Amino acid sequence: MPAADMGPQAPEHVAIIMDGNGRWATARGRPRLFGHQAGARRVSEIVAACPELGVRYLTIFAFSTENWKRTQAEVSGLMTLFRRYIIKEAQRLLANGVRVRFIGDRDRLDPKLVRMMDDLEELTRVNDLVHLTIAINYGGRDEVTRATRRLAREVAAGRIDAESVDAETLSRFLDTHTLPDPDLVIRTSGEARISNFLLWQSAYSEYEFVDTLWPDFTAEDFARVLAGFGKRERRFGAVLA
Ligand code: FPP
């Protein structure tokens, strides 16, 4: 669906909780990693669909601060998948006008992966058509905690007056400080939970929970959800005339 058909209400920033990879693989009698691999292919498809759909910012939840509790095999399989994704997609992302950013705490990640993330951010820094943000070792509470710690240091050092601290001040310390808040958060696989994703930023976001498992979520499904968003009335707490 061309952006023009979305009307003025096309969401500028869409965030996605890509859930259901494990169930998708299990239903096929395959290991969970098989589902994550299929999920990674969908990431490429959904990113490629963004310009035509009028989505300028796409933020995806790839690995949460809680996902370390999974088996060592699944965790290391996912980390390998992230490295492969970067290697395989870097040039295509660059050529297609996609600027990539990563959010989350990098301290616990393998330094080699962190270097690759830094390099991809640097490589695609020139782009402005689509802003893809990939959340790895990300948790909303962890992000707000880290931001508060940094802000507290600034206050303690006398560089920020405690009385001047407001929501905008804290926002500047978040991993997402360069991004607008998401207009729409989509979660696949039939679960209706936020799971610690963009807690602060999604205060006024619309939510859409779809039953489709992430590896089955096509660009057409994406376009359908966005079209539904265009019909919603957003009030941001106010009463519209
Ligand atoms: C949740 O499904 C999915 C994840 C924890 C991993 C998300 C990763 C990908 C979609 C693939 C790689 C991403 C990139 C950026 C290359 P689940 O495993 O919890 O599924 P389940 O609820 O059915 O078990």
Side-chain angles (χ1 to χ4, degrees), residues 14-50 55 57-94 96 98-106 108-110 112-114 116-121 123-124 130-140 142 175 185-198 209-219 221-222:
V14 180
I16 308 184
I17 302 172
M18 310 179 288
D19 197 12
N21 296 348
R23 275 165 283 166
W24 186 89
T26 304
R28 285 160 181 76
R30 303 297 297 269
R32 295 176 57 82
L33 209 52
F34 183 69
H36 295 315
Q37 286 159 353
R41 289 193 290 277
R42 283 299 175 206
V43 168
S44 303
E45 178 181 335
I46 297 300
V47 172
C50 282
V55 175
Y57 293 86
L58 178 72
T59 300
I60 55 174
F61 206 0
F63 193 90
S64 77
T65 46
E66 288 71 38
N67 285 153
W68 298 104
K69 294 181 201 144
R70 298 189 174 200
T71 64
Q72 210 260 325
E74 184 171 351
V75 169
S76 69
L78 276 166
M79 295 299 156
T80 303
L81 195 56
F82 299 147
R83 285 200 300 272
R84 289 209 183 124
Y85 174 81
I86 293 173
I87 293 167
K88 182 162 167 271
E89 297 290 326
Q91 288 307 320
R92 192 187 346 208
L93 291 164
L94 177 65
N96 290 348
V98 181
R99 178 170 180 175
V100 183
R101 294 181 181 85
F102 293 91
I103 56 170
D105 186 356
R106 299 180 189 205
R108 197 170 165 183
L109 299 176
D110 183 294
K112 186 169 166 226
L113 173 61
V114 173
M116 293 172 76
M117 289 158 56
D118 289 341
D119 288 349
L120 185 59
E121 285 185 335
L123 178 74
T124 60
V130 174
H131 294 253
L132 170 66
T133 303
I134 305 178
I136 298 183
N137 193 27
Y138 175 87
D142 178 68
D175 297 350
V185 180
I186 301 171
R187 180 173 189 143
T188 58
S189 92
E191 309 286 345
R193 287 190 296 274
I194 303 172
S195 295
N196 208 4
F197 189 43
L198 301 177
F209 300 102
V210 298
D211 288 336
T212 314
L213 302 176
W214 175 253
D216 289 328
F217 191 74
T218 62
D221 294 322
F222 189 41

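Position 1 is the first residue of the sequence; numbering continues from there. Fair warning: this is a prediction, and the values are worked out from it, not measured in the lab. Read the numbers this way: they start at 1 and go in the same order the structure lists the ligands and their atoms.
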For ligand 1 and G20, I'd like to know whether there is a polar contact (N/O to N/O, distance under 3.5 Å).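 Yes: some nitrogen or oxygen of G20 is under 3.5 Å from one in ligand 1.
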Under 3.5 Å: N/O of D19 near N/O of ligand 1: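 Yes, since at least one N or O of D19 sits under 3.5 Å from an N or O of ligand 1.
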Whether [X] lies under 4.0 Å from ligand 1, heavy atom:
{"X": "S189", "result": "no"}
{"X": "Q37", "result": "no"}
{"X": "R84", "result": "no"}

Would you say the side-chain atoms of T71 and R32 include a donor-acceptor pair closer than 3.5 Å?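 On atom types as modelled, these side chains do not qualify, holding no pair under 3.5 Å.
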Testing the 3.5 Å rule here: is there a donor-acceptor pair between the side chains of S189 and R23?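 A donor-acceptor contact under 3.5 Å links the two side chains.
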Would you indicate whether the side-chain heavy atoms of L109 and F82 approach each other to under 4.5 Å?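 With C-beta onward as the side chain, the pair stays apart.
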Is there a side-chain contact between I86 and F102 (heavy atoms, below 4.5 Å)?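 Yes - at least one pair of side-chain heavy atoms lies under 4.5 Å apart.
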Which residue and atom name correspond to the protein heavy atom nearest [atom], and how close is it?
{"atom": "atom 13 (C) of ligand 1", "value": "F82 CE2, 3.8 Å"}
{"atom": "atom 1 (C) of ligand 1", "value": "M18 O, 3.2 Å"}
{"atom": "atom 11 (C) of ligand 1", "value": "H36 O, 3.4 Å"}
{"atom": "atom 10 (C) of ligand 1", "value": "N21 ND2, 3.3 Å"}
{"atom": "atom 20 (O) of ligand 1", "value": "G22 N, 3.0 Å"}

Enumerated ligand 1 atoms positioned under 4.0 Å from heavy atoms of [X]:
{"X": "A62", "value": "6 (C), 7 (C), 8 (C)"}
{"X": "R70", "value": "5 (C), 17 (P), 18 (O), 19 (O)"}
{"X": "N67", "value": "5 (C)"}
{"X": "W214", "value": "10 (C)"}

By side chain to side chain donor-acceptor pair (under 3.5 Å) - contacts of R42 (at least two apart):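 Applying side chain to side chain donor-acceptor pair (under 3.5 Å) to R42 gives E45.
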Please assess R187 against S195 for the test side-chain hydrogen bond (donor to acceptor under 3.5 Å, both in side chains), listing each intermediate value before the final yes or no. CA-CA 10 Å; R187 180 173 189 143; S195 295; 2.8 Å; yes
Is R28 atom CZ crowded by more than 12 heavy atoms from other residues, nucleotides or ligands, each under 6.0 Å away?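 More than 12 within 6.0 Å, yes.
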Please evaluate residues T59 and F197 with respect to the criterion side chain to side chain contact (heavy atoms under 4.5 Å, CB included), reporting the C-alpha separation (whole Å), side-chain torsions for both, the decisive distance (0.1 Å), and the verdict. CA-CA 10 Å; T59 300; F197 189 43; 4.1 Å; yes
Salt-bridge present (D118, R106; N to O < 4.0 Å):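 Judged by the 4.0 Å cut-off on N to carboxylate O distance, D118 and R106 do form a salt bridge.
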